[in-house]
> 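I'd like to ask you about the structure that follows.
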2 protein chains.
Amino acid sequence: MTSDPDVPDPDFSLDHVRREGLMASPGTELVTHDGAGRVELSFNVEDAGGAPPTQRSVRVPPGVTVFDSASWNGIAIDSTCGGHGTCHKCKVRVTSVVEEVAQRPSRNPTPVSRHDVRTFTRDQLDAGWRLACLVQATRDLKVDVPPLTTRPKAATVGVGRQVILRPAVQKRYVELAEPDLSDQRTDLDRLLAAIDDLAPQPDLHALRRLPHVLRAADWKVTAVVVDEVLVDVEPGDTTGQRYAIAFDLGTTTVVATLLDVALGTPVGVASMLNKQQPYGGDVITRISATMLDPKTLPRLQQAAATTLAELAAQVCREGGVDPRQVYEVAIAGNATMTALVLGIAPEPLGVAPFVMATAQPPTVLASDVGLDVHPRARAVFFPALGAYVGGDIVAGMLATGMDRDKRTRLFIDVGTNCELVVSDGDRILSTAAPAGPAFEGGAIRCGMRAADGAIEVIKLGATPEDAVQLGVIGDVEPKGLCGSGLVDAVAELVRVGLLDASGRFVPDEQAPEVAPALADRLTRIGEERVFVLHRPHADAVPEECVVLSQRDVRELQFAKAAISTGWTLLLEELGLEHRDVQQVLMAGSFGSYISPASAVRIGLVPKLPVLRIVSAGNVAGEGAKMALLSVRERAGAAALLQEVTYVELSDRPDFNDRFVDQLAF
Amino acid sequence: MTSDPDVPDPDFSLDHVRREGLMASPGTELVTHDGAGRVELSFNVEDAGGAPPTQRSVRVPPGVTVFDSASWNGIAIDSTCGGHGTCHKCKVRVTSVVEEVAQRPSRNPTPVSRHDVRTFTRDQLDAGWRLACLVQATRDLKVDVPPLTTRPKAATVGVGRQVILRPAVQKRYVELAEPDLSDQRTDLDRLLAAIDDLAPQPDLHALRRLPHVLRAADWKVTAVVVDEVLVDVEPGDTTGQRYAIAFDLGTTTVVATLLDVALGTPVGVASMLNKQQPYGGDVITRISATMLDPKTLPRLQQAAATTLAELAAQVCREGGVDPRQVYEVAIAGNATMTALVLGIAPEPLGVAPFVMATAQPPTVLASDVGLDVHPRARAVFFPALGAYVGGDIVAGMLATGMDRDKRTRLFIDVGTNCELVVSDGDRILSTAAPAGPAFEGGAIRCGMRAADGAIEVIKLGATPEDAVQLGVIGDVEPKGLCGSGLVDAVAELVRVGLLDASGRFVPDEQAPEVAPALADRLTRIGEERVFVLHRPHADAVPEECVVLSQRDVRELQFAKAAISTGWTLLLEELGLEHRDVQQVLMAGSFGSYISPASAVRIGLVPKLPVLRIVSAGNVAGEGAKMALLSVRERAGAAALLQEVTYVELSDRPDFNDRFVDQLAF
């Protein structure tokens, strides 16, 4: 399902964007989208070695740039400028341009930016060449990605963040003079003297290998240094093989990205369900499980370790990388996930006053969290701001530049626990809102996770033909409703008037007046009123259908009220109005896929022009990548602990009143 | 066998000592000894808790103070001043004084120093009360040791070294406020805020225990910090239990001393043969073994680990200490022993140009060297100056204060590899001399290690009654000759004239003229001339006797020539004569037991008054204790690497000529 860029968005005009100073990146000046649905990008990735190109298709919310869509999915495109159109390196060929022009010559093809005009010839532009960081995907696109050509000094990650490459993993190839009686320096001194820009401490593993490797390799070796520790010495020149893995360790889903830290590019991406799922869908259930049975903590620890290990093996296989050449991993997870993977008892996180063991877990060996990569690889963790604003959110702040951007921005990571951050370009406040499981399909009659068969996009129309248009993951028979589908369903029913502002379905007798094409879908299961989204066959009874129930609406209403109460109070703390917010970043595996238009409609985010609502993607994973690519960015994450004020809402006396105020749509 | 202080030493007078400025400690002004034999000290150690006293007997070379004799054998005596007689704390009662006075009223009892006079009443002095650091043991003594009374700030270890207690192992007992919603500090922040004088990094083990221990112990806990790492948190107040183990990891013998680092006192001592013995008696054989079979290195590593682990268990049992309260160990070993216990291939140490993997092994976990103590206990190693002047010698320099003392001193650690250090109070030079196995009983016809039945002391007399007087370990039938017995035998035979200066036995016909009481002991086994030291029965043939053979004399001659060539060249480098040496420190498990008089006689040490030759004991173990008691001393050991110049003798063109010069007695 694609949106149509020719239909003007009522909330949006280019002049409007310019006036409001909303140009987050040069891309925003070129395209419009209505903030709903999904687009599919089909990448044809050419191989530097001359092997046949590989094909990859990805589905992203409209408005994400081609560069980000590729990067988030492990496809490397040259870039050094941070997606500002200035390095002119991220050249791709949007092959669908040619088809578009051929099929509909009167319409605009994928737009051309002024940077494109400076970079490409007329013929190249006609052939579809564009700078990937400037093409927002607003419809399905086919994109040819040329092989990497440059050895960059910087990489583009996160939400348009340019990172100067300074990874903690360093390699130095040296050719040493053999010792003799006039030069009896130790093996280590000889090696370190040849590495003039680093002064690492050796670890025992490296020392054990040093005498043999030096002599077997004829004194031509590569020193491997991770964060000022000499972890290994390898025969010959292995400086080209420097890898690290960024993990987004989510409660539900865990994502691993294998990075070539020398180039700053992803080499492989994989995700799977957290193997802790059988112990409970959310952090509280898992914490409770550890309290009931002391054997549960080691089991949860093992489950997390196995998840990480399987993902590491998978991305290494995919990238054709020897796991022993992965020298560092970064793990971004919430406070509970971090505690569990480290084997730290999480009980105090689950009960008031919600206390962590530590805000900054120490760097450990990757083997301590069950990873079978280089035996002395390090595992670094993000610091946490509080028991419910964890390392994943700090990683997200890093990826979105919450502490560097001068704009007033609202960051929302939607989930069972919803984390909120507001910055006015000066102060940064954060809090957590207990949204409940609605966004993850929990407590919803036909709820399910975002898997094949889940309705993820819903549009209601005025005619019987377009009455209910569904976007379904996997393009199969609809089986249920995932979080973004739930938000769309409620937003659309409010829009057409079948749900009133209080969240109640209008009386049966009013429905035909309000929405004649949809009224017959309003029915009951037992006493409860439901709206039929999908009827598997003409004779299906409501129980066989995919429906939205009155209780589902209430669940979502409570969730959105918790969230909007949270950001309302944070904005008030900073003395700001809703309209002052210049950008809303919807983050996380749920938040990134909620339709901005629907989020505005139901009040999940402030009532703002839809273009101010940006799908930020898996920002925790992006932050983890940044930490691996740059020790300076890593230090920046640690500094956030001082810069961000954590606001505890649960003990505010006015919280309940404000919550009730926020229940209406 | 005891020496007689009433027989004046020809080389010694108190005036002479004063003129030469030789008073190493106040003790030397009070007694004389002839530098030969052994004395036995019987300690009666009183218990602070009122338990019956425990008895311990030790045998030491004459001239060692009572304090050092106790300390080296794990018996704690109060002291804070470094054995200078100024703290007046090391009070003991020499009970044999009373017997001496009763039996031989005309003779001097154990002398009284001016510090004793200031410390004790007349009645106390008559009852035998003395300051232990001022009593040199020159005859067998019985000593009552009162229980420890003070909580000292300093301890006396090594050769009269006073160490201000600043152990790396620190404990802090804290009582914390419980968290609430107004104080959500993390467990770690809460703990660290209460420890204002330390700022440790937590390790994972401590973090894993922290949440549970804090809550189970009602927020009253003891933080355990080792070298700025928080390694544990223990319920309640455990500040009284702070232990560490000092290891002298010798090629032949391994000695462990369990230390109470809070008090600076030893709690237990144990020693055993290094379990690597089956792989060869010296370092070269063991290195060769690793070169022949790659499986040998892990086996040697395991053998060393088992040796350390068994000793640790033994000293903890002896001291009644829970091994989990041992938080640090220090290991002083030569370069090969250090490499092997760490699993670092030693081959490059065994062949020219004799290169180490590193001069300063990193601090590792005690479990990395096989120790089952606290799971996060650290193991620290001494730095090495060269492949053959290892961490044991650096520890010895620390224990003897080679870098702090302004006198010209020569340090000799006698063994298969003999290490030499010379300091003129300004520059410090060191080298290694390949002495061969003679001192360890190797290549000697009746050679054996210093075990029961070994002749360790020999005196030859002029009459048939006192013709050959033997001191035998264990007071049993003599079975062989250990290193100190070998040196005594040769020295005495040179003295009486049965060996000439070239090291040859005088012709049979000359023997009755030279030494009538001994001539009949000069005989032959096959073609080789031998001197019978012990004849098991009247009819025994020479093959059944304990003898010294002509070839044995040659072996010792080569060993002493290697050593004296070494120190001669070092003295020359510093522009010094033999007579400039103010003190010779005989160190190590062999060197400490060689009779100074005999060492002078055969030229193993410079021709000096015998009182300048000091038996320094197990200085490697003492250095390890110092490193555990004081991080400043530990830093001092590291600094020695810069202060000491290693002189390689093996490539000197004049070495062989000088060696031949040194062969004569």
Side-chain angles (χ1 to χ4, degrees), chain A residues 178-192 201-215 229-230 294 297 301 335 339 342-349 352-365 368-369 379 383-384 386-387 646 648 650-651, chain B residues 178-192 201-215 229-230 294 297 301 335 339 342-349 352-365 368-369 379 383-384 386-387 646 648 650-651:
Chain A
E178 271 193 60
D180 57 39
L181 280 174
S182 69
D183 175 9
Q184 292 179 307
R185 279 179 301 167
T186 68
D187 289 348
L188 182 65
D189 288 346
R190 187 174 307 276
L191 178 69
L192 295 186
Q201 294 297 310
D203 86 0
L204 186 53
H205 175 268
L207 275 178
R208 282 178 177 160
R209 284 172 47 83
L210 188 59
H212 174 71
V213 171
L214 281 178
R215 288 162 182 83
V229 177
L230 178 73
L297 173 57
Q301 184 183 356
L342 285 170
I344 297 172
E347 288 93 321
L349 299 169
F354 314 114
V355 170
M356 293 184 285
T358 180
Q360 175 64 71
T363 295
V364 299
L365 292 179
D368 287 333
V369 291
Y646 178 73
E648 178 65 53
S650 62
D651 60 346
Chain B
E178 270 193 61
D180 58 38
L181 280 174
S182 69
D183 175 9
Q184 293 177 308
R185 279 179 302 167
T186 68
D187 288 348
L188 183 65
D189 288 345
R190 187 174 307 275
L191 177 69
L192 295 186
Q201 293 296 309
D203 86 359
L204 186 54
H205 175 268
L207 276 177
R208 283 178 176 159
R209 284 171 49 82
L210 188 59
H212 174 71
V213 172
L214 281 178
R215 287 161 183 83
V229 176
L230 178 73
L297 173 57
Q301 184 185 355
L342 286 170
I344 297 172
E347 289 92 321
L349 298 169
F354 314 113
V355 170
M356 294 185 286
T358 180
Q360 175 65 70
T363 295
V364 300
L365 291 180
D368 287 332
V369 291
Y646 178 73
E648 177 65 52
S650 64
D651 60 345

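Per chain, numbering begins at 1; letters A, B, ... match sequence-line order. These numbers come from a predicted model, not from an experiment. Scope of the values below: all heavy atoms of this structure, side chains included, with no hydrogens, waters or symmetry mates.
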> Who among B/Gly343, B/Pro211, B/Pro353 has the most heavy-atom pairs with chain A under 4.5 Å?
B/Pro353

> Tell me, please, which residues at least two apart from B/Asp368 pass salt bridge (charged side-chain N to carboxylate O under 4.0 Å, His left out).
none

> Answer yes or no: does atom NE2 of A/His212 have more than 12 heavy-atom neighbours from other residues, nucleotides or ligands under 6.0 Å?
no

> Using a cut-off of under 4.5 Å for heavy-atom pairs, which of A/Leu342, A/Leu192, A/Asp180 has the most such pairs with chain B?
A/Leu342

> Can you list everything that forms a ring-ring contact (aromatic ring centres under 6.0 Å, His included) with B/Tyr646? Sequence neighbours excluded, please.
none

> As an exercise: rank B/Leu191, B/Ile344, B/Thr363 by heavy-atom pairs under 4.5 Å with chain A and give me the winner.
B/Ile344

> Tell me which of these, B/Leu297, B/Leu210, B/Leu207, has more heavy-atom pairs under 4.5 Å with chain A than the rest.
B/Leu207

> Is there a side-chain contact between A/Val355 and B/Arg215, using heavy atoms and a 4.5 Å cut-off?
yes

> By a 4.5 Å heavy-atom criterion (distance strictly below it), what part of B/Glu648 contacts chain A: side chain, backbone, both, or neither?
side chain

